[in-house]
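For the numbers below, each heavy atom of this structure counts, side chains included, while hydrogens, waters and symmetry mates do not. As the structure lists them, so they are numbered: ligands from 1, and atoms in each ligand from 1.
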Amino acid sequence: MREFSESYLERTREGMWADSRAALEPLALDARDRILDVGCGTGELSRVLAAESPGEVIGCDADPDLLSAAAEHVPVVAGDALRLPFSDDAVDLVVCQALLINLPDPAAAVAEFARVSTDLVAAVEPDNAAVEIDSSVDAEGDLERRARRAYLDGVNTDVALGADARTAFETAGLEVLATRRYDHVRTVEPPYSEGELTAARRKATGDGLADDRETMLAGDLSEGEYDALRGSWREMGRDVIEQMRDREYRREEVVPFHVTVGRISES
Ligand SMILES: C[S@@+](CC[C@H](N)C(=O)[O-])C[C@H]1O[C@@H](n2cnc3c(N)ncnc32)[C@H](O)[C@@H]1O
């Protein structure tokens, strides 16, 4: 199972859903009694669900450390998305965010969600192949594109699933009611947060890229190409830090998320 740190999830979800929750409308949150957020991580989505719904929201994740952070916001239960520790028809909505992209068989997870829900199943999944970067450091956008392409080539799950989650729903026998797109825009500008400064330092040391080295080498990238990419990456990171010192660094990242909502069929 791919691991995520608490700080990574908090940083990458910061501000998500704050500007618009229109894409969540098909989940009919105001009419829900009991919602299960599977792969809840630190509970970033669980909190949004709890704010929008009068019903109870329960978080579930396989990682006990992340789950203890989520427990500060909602009740939690440890469990595997493919064998949920809930009886049939236990809730009226099962939802996940950025979980299916990490699973080798997304349709099997959606089928398990359908077992536990009486009414709706929803997935909020990014298309990581369509991320766009605009940075005041010229090289950053191109280097991130190259690193992302190498990662996508080597990773063994569909991290660009996005709108294609519909296929997993249909394979699991669900009727797809609606699909919506939500663009999560992440802006870095002065004053920089502690998390943004840490992320910049990880660029300059190459540590961030090194975390994905094995995945990248599992694709088409050779060791020599990886080393060259890491060299340019570190140089770019040093430019980011220099611009930050002068309070000139600005970056905008747009991550497209796709919301897919399905209904449990009557039969
Ligand atoms: C990218 S994170 C998303 C976390 C959260 N939904 C969010 O959007 O902030 C993926 C989460 O899925 C969890 N996860 C991965 N495989 C799982 C599985 N088989 N069963 C339950 N949780 C799983 C991970 O521990 C992690 O918390």
Is the closest heavy atom of Leu82 to ligand 1 under 4.0 Å?
-> no
State the atoms of ligand 1, each with its element, that fall below the 4.0 Å cut-off from a heavy-atom position in [X].
{"X": "Met1", "value": "14 (N), 15 (C), 16 (N), 17 (C), 23 (C), 25 (O)"}
{"X": "Asn102", "value": "1 (C), 10 (C)"}
{"X": "Ala62", "value": "20 (N), 21 (C), 22 (N)"}
{"X": "Leu9", "value": "2 (S)"}
{"X": "Leu103", "value": "16 (N), 19 (N)"}
{"X": "Asp63", "value": "25 (O)"}

Relative to ligand 1, is [X] under 4.0 angstrom through side chain, backbone, both or neither, heavy atoms considered?
{"X": "Leu45", "result": "neither"}
{"X": "Cys40", "result": "backbone"}
{"X": "Gln97", "result": "both"}

At their closest point, which heavy atom of Leu209 faces which heavy atom of Met216, and how far apart are they?
-> CD1-CE, 3.6 Å
Of all the heavy-atom pairs spanning Trp17 and Val124, show the shortest one and how long it is.
->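 Looking at all heavy atoms of both residues, the closest pair is CZ2-CG1, 3.7 Å.
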Closer than 3.5 angstrom, by distance alone: can the side chain of [X] be matched with the main-chain N or O of [Y] as a donor-acceptor pair?
{"X": "Glu6", "Y": "Ala69", "value": "no"}
{"X": "Arg213", "Y": "Glu223", "value": "no"}
{"X": "Tyr192", "Y": "Tyr249", "value": "yes"}

Checking a contact table here: which protein heavy atom is nearest [atom], and how many Å away?
{"atom": "atom 7 (C) of ligand 1", "value": "Arg13 NE, 3.3 Å"}
{"atom": "atom 20 (N) of ligand 1", "value": "Ala81 N, 2.9 Å"}
{"atom": "atom 1 (C) of ligand 1", "value": "Ala98 O, 3.4 Å"}

Pair Arg2, Thr157: side-chain N/O donor-acceptor within cut-off below 3.5 Å =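 Yes, side-chain donor-acceptor contact under 3.5 Å.
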Could you check which of [options] puts a non-hydrogen atom nearest to [atom]?
{"atom": "atom 23 (C) of ligand 1", "options": "Val48, Val95, Leu99", "value": "Leu99"}
{"atom": "atom 21 (C) of ligand 1", "options": "Ala70, Gly39, Gly79, Ser46", "value": "Gly79"}
{"atom": "atom 19 (N) of ligand 1", "options": "Asp61, Asp80, Asp65", "value": "Asp80"}

Between Tyr226 and Asp212, does a side chain to side chain donor-acceptor pair (under 3.5 Å) hold up when you go through it step by step?
-> CA-CA 10 Å; Tyr226 168 81; Asp212 294 329; over 6 Å; no
What about Leu29 and Val74, same hydrophobic cluster or not, with Ile/Leu/Val/Met/Phe/Trp/Tyr joined at side-chain heavy-atom distances under 4.5 Å?
->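 As far as the 4.5 Å side-chain criterion goes, Val74 and Leu29 are connected within one cluster.
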Could you give me the CA-CA distance, side-chain angles and deciding distance for Ile264 and Leu174, then say whether side-chain contact (heavy atoms from CB on, under 4.5 Å) is met?
-> CA-CA 6 Å; Ile264 312 296; Leu174 288 172; 3.8 Å; yes
From Glu252 atom CD to Glu132 atom CD, the distance as rounded to the nearest 0.5 Å |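 Atom-to-atom, Glu252:CD and Glu132:CD are 9.5 Å apart.
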